[in-house]
Structure formats: structure tokens, C-alpha cells
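Read the structure below first, then the notes.
Below, read A as the first sequence line, B as the second, and so on, with proteins coming before strands; counting in each chain starts at 1.
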Number of protein chains: 2
Amino acid sequence: MDDVTTAGSAPDQPLPTRERLILAAASLFRNKGYSGTGLAELLTEAAAPKGSLYHHFPNGKSDLALAAANWASEQMLQLIDASFTPAPSFQEGAKTVCYKLAKLFDLQGKWSGCPVSATLFEGPENEAFHQHAALLFEGWISATAAHAQRLGLAEAEAQAAAENFYILLQGGWQLARVRRDSDVIRGLHLQLCPPMQLQKND
Amino acid sequence: MDDVTTAGSAPDQPLPTRERLILAAASLFRNKGYSGTGLAELLTEAAAPKGSLYHHFPNGKSDLALAAANWASEQMLQLIDASFTPAPSFQEGAKTVCYKLAKLFDLQGKWSGCPVSATLFEGPENEAFHQHAALLFEGWISATAAHAQRLGLAEAEAQAAAENFYILLQGGWQLARVRRDSDVIRGLHLQLCPPMQLQKND
DNA sequence: ACAGCATTAGACCGATTGGTCCAGTGATGT
DNA sequence: ACATCACTGGACCAATCGGTCTAATGCTGT
């Protein structure tokens with residue numbers, strides 16, 4: 001009946017502790033990497049004591065990292081859907097994705113990296129992290145490919161276009177970080193010319 | 001005449017301590033990141049005691065990181081030159097770069113990331129690292145742009161093509177890591193269609 | 001042989017790391 | 001009123017962190 005999971009305390013923090021931890025983790029890991037972020041700093045940012053962390057995430061930092069990556073990935077999927085669903089074509093949808101991401105990049109201080117890769121690329125030893133990151137990334141690609149197919153591309157074309165778009169986004173985001181310039185991301189969609197399309201007009 | 005910089009002691013380590021440290025740092029940072037790599041592990045890999053590190057690199061880990069990034073960047077510049085110099089066209093040179101990098105990716109265990117970014121993307125606080133990384137990356141881009149111009153592209157086109165190529169390489173390398181598949185890198189050159197070329201045939 | 005210098009070897013340091021543990025605390029159902 | 005239970009607060013821990021320091025160890029030129 002009563003879903004008071006998030007309701008209640010108005011004066012204090014608007015979000016429950018668990019959410020605050022995830023948000024803080026996503027933000028910090030994005031900026032300083034997984035091993036570059038200490039628990040002390042994380043708990044300060046989340047305004048939570050250590051006991052809460054290990055209550056909500058029994059395996060501590062690594063559990064929290066997975067949760068933060070999941071949350072960030074979910075945000076990205078929503079951005080993809082929000083951009084492609086009303087789009088008249090794949091190109092237009094991709095353009096919207098670029099612009100939204102560029103805005104996000106600016107809001108986050110023209111610095112932060114991809115939360116998932118920053119969090120989960122932690123060396124060859126941590127196989128679980130790597131596989132989880134792969135899972136999330138492939139989710140982005142297949143979500144994009146689904147939209148591409150819906151917008152008229154053939155299955156193989158759609159998959160290729162989605163992969164290509166993903167590559168451009170990752171690479172473009174990195175160059176944007178290097179230059180602290182979100183325009184790099186905005187310009188990415190110009191490069192979005194599926195190789196097949198080149199041969200079309202013969 | 002006598003280039004004995006690397007020669008000498010055959011029985012023991014073929015490389016001097018300083019070089020061993022740089023090599024070990026480049027390898028470890030590439031795999032586990034800057035803050036993910038401890039000095040103990042680094043010194044074990046380099047087979048060097050702590051005293052040597054602080055003799056050759058007075059500022060310790062951070063100095064070593066800069067040196068390792070420089071070394072890696074130099075390797076990349078050589079690869080770019082070696083690929084583009086004998087190439088008949090920019091497209092062919094870029095293709096060679098992709099294939100050489102893909103081979104390198106395989107040799108390094110289908111995992112390692114870009115040494116420069118892995119080393120020097122260490123959070124917004126470390127401004128010196130960020131600026132150095134930016135310097136090195138722009139070096140790659142301008143080196144590529146120079147080759148592009150030499151191979152017939154106009155100055156603006158050459159710059160755009162070089163940036164686009166850099167973006168593809170970074171993004172493609174990351175997807176290759178995710179999938180542990182160097183073919184992603186090999187296929188990158190197919191995406192190399194300068195946007196101008198699309199408008200050409202109207 | 002000796003002085004001088006670059007390099008090595010590793011003991012040692014305080015600070016910080018991620019993690020454990022348990023005594024509270026406060027809302028809840030009975 | 002009381003027991004229950006999810007949650008909090010933080011003291012505490014061993015291990016590791018990056019870094020300092022000094023004595024020994026070579027190789028140099030003289």
C-alpha cells in the first residue's frame with residue numbers, strides 16, 4: 001500500500017542514503033576513477049557514515065561501483081530513448097544525442113569521463129567489472145541499433161551504425177575532455193555517415 | 001658512430017634502470033591506471049629498488065608517470081610516421097595505422113588502454129597531468145594532420161580528418177577493449193569518410 | 001690506491017586505504 | 001509499553017600507500 005520508500009523527511013536530505021551513495025559514487029568515480037576515489041571522500045560527499053555503506057552494499061566499494069555504473073547506464077539509455085523516439089531519422093536522433101550529451105558534459109564541469117568505463121575499467125584482474133562494463137556498453141549499442149532499425153535501416157546496417165555511433169561518442173567525449181570543449185561532441189554527428197551510404201548514390 | 005645507449009650488459013637486464021622503470025610504468029598504468037598501480041608492484045615489475053626510483057625521478061610516481069606518457073606518446077608518433085610516410089594516400093596511411101595498432105593491441109593482451117589517457121586522466125585537481133595529456137594528444141593530431149596535408153588534403157580538411165581519425169581511434173580502441181577484439185580497430189578505417197566528401201558529388 | 005660521484009638497497013615513516021564491528025537510535029507492528 | 005528491525009554513527013583495525021633517509025656499492029678519472 002504505502003510506498004514511502006522515498007517520501008518522508010522533507011527538511012533533511014531529499015534522497016535516501018542509498019541513493020545519495022550511488023550519486024556520489026557515480027560523480028566521484030567519473031572524475032577520479034575507481035581506485036582514485038577513497039571511501040572517506042565518498043562518504044563525505046554522500047553525507048553518510050561508513051556503517052550505512054556496508055549496510056546497503058555488503059561488499060563495500062565494489063558493490064557500490066556496480067550500482068553506480070548501473071545507474072549511469074540507465075541514465076544513458078533514457079537519454080538514447082528520449083533522443084531517438086521522436087526523431088524522424090537515425091541521423092536526427094543521433095544529432096540530438098550528441099547535443100544532449102554535450103550539454104551534460106558542460107553541466108558536469110567539462111571534465112568528467114564516461115561513468116561506466118571510468119568505474120569498471122580497473123585492470124585485467126577484475127574480470128567481473130570488465131564483463132559488467134561490456135554488458136552495459138552492449139546494452140547502449142543494441143538500444144541504439146533497435147532505434148536505427150525502427151527508423152528504416154536494415155538489421156546489419158543498424159548494428160553497424162550503432163557501433164559506429166558508440167565509437168564516435170566515446171572518442172569524441174574523450175577529445176572533449178582533453179580540450180574541455182563540448183563542441184567536439186556536438187560536431188560528432190557530422191561524422192555519422194554509414195559507409196554503405198557512400199556507395200548509395202552511384 | 002657508437003650508439004651504445006641500449007647496448008652493454010648482456011647477462012643481466014638489457015636495459016638500464018631508468019628505462020626499465022619507464023617501461024614498467026607504461027605497462028602497468030596502461031592496464032590498471034595511475035592510482036590503481038602501487039609503487040611496490042611497479043618496482044617489482046621493473047626489478048628496481050625504491051631508491052633508484054627517487055634517484056631518477058625526484059618527484060616519484062608523478063614524474064615517472066609523465067616520463068611513461070612521453071615515452072608512449074613517442075612510440076605512437078613513430079607509428080604514425082611509419083604508417084603515413086610510405087602511404088600513397090591519407091586513407092591508406094590511416095588503414096596502416098589501424099592495422100598496426102590492432103596488432104599492438106593483440107600483443108598487449110587485448111586489454112591495455114591508451115597509455116597517455118590512462119596515466120594522465122587523474123581527476124580535475126591534477127591540472128598539470130591534464131595539460132600534459134592535452135599536449136601529447138594534440139601532438140598526435142597535428143602529426144596526423146601534417147601527413148594529411150602532405151598527401152593532398154587542404155589545411156582545414158587535413159585538420160578535420162586528423163581529429164576525426166583520432167576520435168575514431170580512441171573510441172574504437174575502447175570498444176576493442178570491451179570486446180577484447182582487435183578487429184574493431186582494424187575496421188575503423190572504413191569509417192574514415194571526411195564529411196566534405198559526402199557533399200562532393202552533388 | 002684513492003677520491004668523487006652516481007646509483008642501489010631497503011629500513012623506516014606517517015598518512016590513508018578499504019573493511020569490520022558493535023552500540024546506539026528511531027520508527028514500526030503488536 | 002514493548003520487542004523488533006532497518007539503519008546509523010563512528011571507533012577501530014591491519015594493510016598498504018607514496019615518500020624520506022642513509023649506508024653501502026659500485027664505477028669513474030687521476
Taking for each residue the nucleotide of DNA chain C bearing the nearest heavy atom, is the 5' side occupied by A/E41 or by A/P58?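 On the 5' side of the pair lies A/E41.
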Report yes if some heavy atom in the side chain of [X] is under 4.5 Å from a heavy atom in the side chain of [Y]; otherwise report no.
X     : Y      : answer
A/N31 : A/S112 : yes
A/N70 : A/H132 : yes
B/W71 : B/P115 : no

Are B/W111 and A/F121, when compared by the centres of their aromatic rings, separated by less than 6.0 Å?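 That pair passes the under 6.0 Å test.
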With side chain to side chain donor-acceptor pair (under 3.5 Å) as the test, would you mind laying out the steps for B/D63 and B/H56 before giving the verdict? CA-CA 9 Å; B/D63 267 10; B/H56 293 290; over 6 Å; no
With heavy atoms under 4.0 Å as the rule, sort A/G51 into base, sugar-phosphate or nothing.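 It contacts base atoms.
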Identify whether any heavy atom of A/T37 sits under 4.0 Å from a base atom; if not, whether one sits that close to sugar-phosphate; answer base, sugar-phosphate or nothing.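 Sugar-phosphate, backbone atoms only, no base.
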Looking at B/T17, I'd like to know whether one of its side-chain N or O atoms comes within less than 4.0 Å of OP1 or OP2 on C/dT7.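 Answer no for this pair, as no side-chain N or O of B/T17 is under 4.0 Å from OP1 or OP2.
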Phosphate-side-chain proximity, B/S52 and C/dT7, N/O vs OP1/OP2 below 4.0 Å: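 Answer is no, no contact under 4.0 Å.
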Distance, rounded to the nearest Å, where [X] contributes [atom1] and [N] contributes [atom2]:
X     : N      : atom1 : atom2 : answer
B/L64 : D/dC17 : CG    : P     : 15 Å
A/F57 : D/dA6  : CZ    : P     : 17 Å
B/H55 : D/dG26 : NE2   : C1'   : 13 Å
A/L53 : D/dA6  : CG    : P     : 18 Å
A/L39 : D/dG10 : CG    : C1'   : 14 Å
B/Y54 : C/dA6  : OH    : P     : 21 Å
A/H56 : D/dA6  : NE2   : P     : 12 Å
B/L21 : D/dG18 : CG    : P     : 14 Å

What's the closest nucleotide to the A/P49 side chain, out of D/dG19, C/dT8, D/dG9?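 So the side chain of A/P49 is nearest to D/dG9.
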Look at the side chain of A/K50 against the base of C/dG19 and say whether a donor-acceptor pair falls under 3.5 Å; ignore hydrogens and angles.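 Per atom types, the contact qualifies.
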